[in-house]
Each structure stands twice: as C-alpha cells, then as structure tokens.
Amino acid sequence: MPPTPQTTPALDAILGAIARADRLLVTAHARPDGDAVGSLIACWMMLQRMGKSADMALRDRVPRIYRSLPCAALVRHWSRVEGDYDAVILLECDGIPRSGLDGLENRLLINIDHHTSGRTFANVNWIDSSACAVAELVYQLIGAAGIDITREMATCLYTAMLSDTGSFSYEGTDAHTFELARNLVRQGADPVQIARDVYFSNPAAKMHLLGAALANLHHDGNLAWLWVSENDMDRTHAAEEDCEGIVNYAIAIAGIEVAVFLRELRNHDVRLSLRSKGRVNVATIAERFGVDMEKLVPEATMESLNIDSLSMIEFMSTPFRLSA
C-alpha cells in the first residue's frame, strides 16, 4: 500500500510538474550524505514506477557506505548536465551552486528541502523544516503520487532517515519520526542490515583518519574543535567522504554544546563542519563563512587560521559561547 497521501499546494505543484514532464533528472547536493543518496534513489524509483524516463546524477561519487543501496550503481557522476530534461528535481539544495553541477540554468527546476536555510530559487519549491530528513518529504511525495513503497524504496528511505537523524538522536526526533521508521520497516526495510552497512562497513583508512583528528582534539568551555591536515589525508590514504561524521566525536563530549571540525583541502583552503546539541543555532554562525553549515573559507590555510591557538577559538566562539 502507498503511504497515506497528504496533499498540499506545494505537493500538487510538484506532481503537476512531474506529470507534464517525460524525461527528468534527480540530483542532490555535492558531497552527498545518506539522506541525499537514499532520497535520490527512492525519488528516482518513484519516477520509474510512474512511467517516466529518469536519470540520477551527483557531482561527487556515492560514498562507499551507501553503495550497497539498491540501484546505487546507476547514480551517474557528472560535473555538467547535458541533454534534454523536461524537469530537474534537486534535493537538499539551497540553490543551483549547492549541487555542484553546471548546466542547470534555464531548466525547469523542482526544489525539495527540509533545512531552515532552504530558499525558493526554483520554479517549484517545497521547503518543510519540520521534516526530520528530506527522505520524509520524498516519502510523502510517493504517497501523494499513489505509488506503493517497495522493499527497495523502504531500504533507501530508512537509510536516509537513519543517517540524517544521527541514529534518531538529533533535535527534532519525535514520535512521528519513529512512526515513519516503523512504516518503512513494515514495508521491507531491514534495520539491522542497514545499521551494519552504514556504521560497521567503514574502511580502515577512515579509522586511521579519525585517530589523526582525535589527536588534534581540543576543547574550551562548551566549545570543542578538531582538525585534519592534507598531510593527514595523504598519510592515512583517506578519501574526502571519510571526513563525514568526525565532528560528532567532538560534540559527544559531556558539557560541549558546539563542535567544529576543520579539514584542510589540497589547495590549502579549509572546510568547516559545525554541530550543536540544540541550544545553539549553528546555521547563524555558519553564515559568517557561507551557508548551509559547510563552506570553504577562501584564502585561509591551517597556518593562517592558527587553529591550535586560543585566539582562533575565541574568534570562532564569540557569537555562541554560553554561560555555565
């Protein structure tokens, strides 16, 4: 049985745009996480069952821990979109640049997002920050389209939701989140196998990289920070995707409210990842560097940031340091 349909003006507009399109592309943000990958595949499966010609493409490759998902091998790795697409669905993007793909301009764009930083940049927009993951919105879309959730769809959507809620631990996790998880398990998702694939299938290189990051772990008051250099990446033979989740080890410390992970890139720019336990909205802090929680800091090197110094941490923490 399909999910119980919940129609809204945004849902109706998306379904109308899909109905008028013969060929569609589904994409998501660059450096995709589990929510992006799982939701992308489930959305593509929906389009296939609606009789549409559809492709999946991402700027960066699917991370290894998600490559066991059904049809993950069919996700294309592009830097530019070519060809005639009647519509493009973008998941978790606050603008075209977030996808990392060229060639999306002057196309009919459908924007589906659950972040508070979401923006109405597309022809059709559906932004719902109450959703625990974009997978929840895709689940609703499938129901509104009258499509049955298959075992493969359920697997992808459960993986997406598990990833984006931090194993059901992040702010916003509630009874509705678990109701959705229950429905997906009933529809064929195997929570034990999915947990093994996501959390117990890491390459040794990621563990070595984590060791390097933890060796650089510091904390001051309610702020914790850690980092890896480009030399750490080379020495451990780590891939970009192996940096995912490292910031969570800093936020896990008792008494820490905000954690920062810094990753030096090969051109010596630095990428920031911020996490909060909920008392602080780190999205407002991220705006000092860019948008959407992670952004390159132009012309900032590990040396110029002086990331092991108290002065840098004071600079980072000034707007969100909390009283005891």
Side-chain angles (χ1 to χ4, degrees), residues 2-19 24 26-29 32-47 50 87-99 108-147 149 153-154 156-184 187 189 275-276 278 281-284 286-287 291-294:
T4 302
Q6 299 179 4
T7 59
T8 66
L11 263 175
D12 291 340
I14 291 174
L15 290 174
I18 291 174
L24 298 97
V26 189
T27 189
H29 57 78
D33 54 14
D35 193 20
V37 175
S39 300
L40 172 92
I41 298 173
C43 187
W44 173 83
M45 289 177 174
M46 177 198 72
L47 295 174
M50 294 173 72
V88 179
I89 300 175
L90 295 100
L91 304 177
E92 293 197 298
C93 292
D94 59 6
I96 291 176
R98 187 72 175 93
S99 72
L108 193 152
L109 303 179
I110 300 171
N111 165 36
I112 303 176
D113 197 0
H114 75 109
H115 291 110
T116 56
S117 59
R119 300 176 181 177
T120 56
F121 67 91
N123 303 92
V124 183
N125 299 275
W126 182 22
I127 302 171
D128 184 353
S129 59
S130 69
C132 66
V134 78
E136 180 178 341
L137 302 183
V138 172
Y139 183 84
Q140 293 180 34
L141 179 62
I142 293 171
I147 302 297
I149 295 281
M153 286 180 181
C156 291
L157 292 173
Y158 185 95
T159 301
M161 190 176 65
L162 181 73
S163 168
D164 224 43
T165 61
S167 301
F168 308 106
S169 67
Y170 290 165
E171 191 79 13
T173 301
D174 55 19
H176 175 70
T177 309
F178 287 100
E179 180 182 0
L180 175 56
R182 181 193 65 178
N183 291 341
L184 291 171
Q187 289 157 333
R275 291 293 183 273
S276 168
N281 182 3
V282 291
T284 61
E287 290 175 358
V291 294
D292 201 24
M293 303 299 294
E294 293 186 349

Check whether N111 reaches the backbone of R119 with its side chain - one donor and one acceptor, N or O, closer than 3.5 Å.
yes
Between CD1 of I112 and SG of C43, what distance do you get to the nearest 0.5 Å?
5.5 Å
Results of side-chain contact (heavy atoms from CB on, under 4.5 Å) for L180 - residues two or more places apart only
E136, Y139, M161, L184
Measure across A17 and I110 and return the closest heavy-atom pair with its distance rounded to 0.1 Å.
CB-CD1, 3.8 Å
Contact between V134 and D113 at the side-chain level, heavy atoms closer than 4.5 Å - yes or no?
no
Of all heavy-atom pairs between A145 and L15, which one has the smallest distance, and what is that distance?
CB-CD2, 3.8 Å
How close do A160 and G38 get, heavy atom to heavy atom, and via which atoms?
CB-CA, 4.1 Å
Could you measure the distance from the NE2 atom of H114 to the CG atom of L91? Nearest 0.5 Å is fine.
10.0 Å
Given 3.5 Å as the limit, does a donor-acceptor pair link the side chain of D35 with the main chain of A135, or not?
yes
Rounded to the nearest 0.5 Å, what separates atom CG in L157 from atom CE in M46?
10.5 Å
From M50 CE over to M45 CE, what is the distance, rounded to the nearest 0.5 angstrom?
15.5 Å
Pairing residues for F168 by the ring-ring contact (aromatic ring centres under 6.0 Å, His included) criterion, not counting sequence neighbours
F178
Looking at G118 and I127, what are the two nearest heavy atoms and their distance?
C-CD1, 3.5 Å
Report yes if some heavy atom in the side chain of L109 is under 4.5 Å from a heavy atom in the side chain of N125; otherwise report no.
no
If I take atom OG1 from residue T120 and atom CG from residue D94, how far apart are they, to the nearest 0.5 angstrom?
11.5 Å
Can you tell me if H176 and D174 form a side-chain donor-acceptor pair at under 3.5 Å?
no
Report the distance from atom CG of D164 to atom OG1 of T159, rounding to the nearest 0.5 Å.
12.0 Å
Got T8 and Q140 here, is their nearest side-chain heavy-atom distance under 4.5 Å?
no
Qualifying residues under side-chain contact (heavy atoms from CB on, under 4.5 Å), relative to D128, sequence neighbours excluded
W126, S130, L137
